[in-house]
Amino acid sequence: MERELVEDIVIVGAGIAGLTTSLGLHRLGIPSLVLESSDTLRVTGFALSIWQNAWKALDAVGVGDILRRQHLQLNGIVTTSLVTGQQTAAMPFRETGNRKDIEIRCVKRKSLLEALVNELPTGTIRYSSKVVGIEESGFYKIIHLADGTTIKAKVLIGCDGVNSLVAKWLGFKKASFTGRYSIRGFAEFKNNHGFEPRFMRFSGKGIRAGAVPCNEKAVYWFFTWIPTSQEKELEENPAKLKQYVLEKLENMPSDVRAFIEKTEVDSFLSSPLRYRHPWDLMLGNISKGNACVGGDAFHPMTPDLGQGGCCALEDGVVLARCLAEAFSEEPGRGVEEKDAEVHYKKIEESLKKYAKERRWRSIDVTATAYMVGSIQQAESKLVTFLRENILATFLVRQYFKKSSYDCGKLNSS
């Protein structure tokens, strides 16, 4: 049975960007409806690096301290060659000379999403709500759901991931494949794993890998490579996938390899790496009228800087702040057509402001992540020599440069 709902702000996707936007708006006294296609909170992946730029965003929406209590603060980053087994770069996260302490923790994805959801009013998220169509009607967007429901919205925000329907509606092309694949895993221990709280990175032989503890009993690890057509078939067999990863990482320290050995086969996740070309971000419609995108729907990127989730958090804070300006003096219900047009123009301007603020940041991070990944994963002798003797510290510094960004507070004043 068809029914029509009327909402001010509709956010498609209850992922990091969607929930952060909704919570940011809620903190500013503005309600929103979040549509999630799954029947429960969907957690794809196990954990993610939360750098200092993302902690500023989490603090802005008021959940930073909840997550700090659950996760270890890391004390540094160490890079090791998989060719020689030698350490090529090391950098502490503590204060040095002209640089303040850097806060980075590896946060469980489920913990992050739950922290955001728990602060939202009951009923904000509508589960089992798959969007199948979008159309325009005057100053509104009409959103069609798979169950026959239609929603009339003043604002449509697409935070619906790398295959975003809203991004497609705005005119974005599909995200590009890099040719690289990622395997991620999560090892949990009954007792303290005894692993030092630092980010360990490994690269060489066409591989990029890493391991990082979330807390005293859990370690997240990743492995990226360019598979042959035969190796792609390993995706169907997690046990063989695990064996393949261990064989490729023979030069990795045995205590780090032990985390991969310890990982259960159902805690392995393999996926192709995709990104949006910088020129698509430069020329594309991040917003159009009363619709926009955020998170992976906007700027899918390779995981080489650990900034995908961090940028989604930034998007949420900036979008909530900009949109609040359009709803601060909203006309009442049942307004005349002229007032509706005035409000539509305010919404349009606020989304343009968001797009302008986020465009160059997203181009910068997406392009840098792609460049860092390409250098770390290259197999040629020249690039390997440069990476291990000249570029190692330069590559590590990219993490610090991109994490020094501040998305600001929720209130623009």
Query - Residue that, paired with E103, satisfies side-chain hydrogen bond (donor to acceptor under 3.5 Å, both in side chains) out of Q73, R68, K56 - result: R68

Between [X] and [Y] (side chain of the first, backbone of the second, donor and acceptor by atom type, cut-off under 3.5 Å), is there such a pair?
X	Y	value
R276	K173	yes
R361	D315	no
R321	K409	yes
Y220	G210	no
E216	N192	no
T21	A17	yes
T368	V365	no
S350	E325	no
D8	K154	no
S129	Y127	yes

May I ask you to test the [X]-[Y] pair for a side-chain heavy-atom distance under 4.5 Å?
X	Y	value
T302	R180	yes
L313	I50	yes
Y399	I77	yes
L28	F327	no

Requested in this report: Give the intermediate values and the outcome of side-chain contact (heavy atoms from CB on, under 4.5 Å) for residues V63 and L23.
Outcome: CA-CA 10 Å; V63 297; L23 182 53; 4.0 Å; yes

Point-to-point distance, once rounded to the nearest 0.5 Å, from [atom1] of [X] to [atom2] of [Y]:
X	Y	atom1	atom2	result
F298	L319	CZ	CG	10.5 Å
K205	S81	NZ	OG	8.0 Å
I183	F222	CD1	CZ	12.5 Å
E341	E348	CD	CD	10.5 Å
I226	Y181	CD1	OH	11.5 Å
F177	R274	CZ	CZ	4.5 Å

Query raised in the report: With distance as the sole criterion, is a donor-acceptor pair present between the side chains of N53 and Q307 under 3.5 Å?
Result: yes

Query raised in the report: Does a donor on one side chain sit under 3.5 Å from an acceptor on the other, for E119 and H26?
Result: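 Result is no, nothing qualifies.
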
Which heavy-atom pair separates [X] from [Y] by the least distance, and what is that distance?
X	Y	value
E36	A14	OE1-N, 2.9 Å
S111	H71	CB-CE1, 3.9 Å
V317	A57	CG2-O, 3.7 Å

Report task. Could you note down all residue pairs passing salt bridge (Lys or Arg N to Asp or Glu O under 4.0 Å) where residues 282-300 supplies at least one of them, sequence neighbours left out? Result ->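 Of all non-adjacent pairs touching residues 282-300, none passes salt bridge (Lys or Arg N to Asp or Glu O under 4.0 Å).
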
Salt bridge between [X] and [Y], side-chain N to carboxylate O under 4.0 Å?
X	Y	value
K352	E349	yes
E136	K141	yes
D160	K168	no

**Report entry** K402, R358, K401 screened by salt bridge (charged side-chain N to carboxylate O under 4.0 Å, His left out) with D364, the one that passes
**Finding:**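 That would be K402; it is the only one of K402, R358, K401 passing the salt bridge (charged side-chain N to carboxylate O under 4.0 Å, His left out) with D364.
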
Query raised in the report: For W169, which of V293, L156, N285, I134 qualifies under side chain to side chain contact (heavy atoms under 4.5 Å, CB included)?
Result: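 So, applying the side chain to side chain contact (heavy atoms under 4.5 Å, CB included) to W169 and each of V293, L156, N285, I134, only I134 qualifies.
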
Query raised in the report: Does any pair with a residue in residues 257-269 pass side-chain hydrogen bond (donor to acceptor under 3.5 Å, both in side chains), and if so which ones, sequence neighbours excluded?
Result: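 Pairs touching residues 257-269 that pass the test: W221-T263.
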
Query - Aromatic centroids of F259 and F189 separated by under 6.0 Å - result: yes

Query raised in the report: Hey, mind stepping through V107 and W55 against side-chain contact (heavy atoms from CB on, under 4.5 Å) and telling me if it holds?
Result: CA-CA 11 Å; V107 171; W55 286 110; 4.0 Å; yes

**Report entry** Check against side chain to side chain donor-acceptor pair (under 3.5 Å), T366 and H299
**Finding:** CA-CA 7 Å; T366 303; H299 46 60; 5.4 Å; no

Report task. Could you walk me through whether I16 and R109 pass the side-chain contact (heavy atoms from CB on, under 4.5 Å) test, one step at a time? Result -> CA-CA 9 Å; I16 295 171; R109 193 173 283 267; 3.7 Å; yes

Requested in this report: Apply the test side-chain contact (heavy atoms from CB on, under 4.5 Å) to residues I363 and W279: give CA-CA distance (whole Å), side-chain angles for both, the deciding distance (0.1 Å), then the verdict.
Outcome: CA-CA 8 Å; I363 291 168; W279 49 87; over 6 Å; no

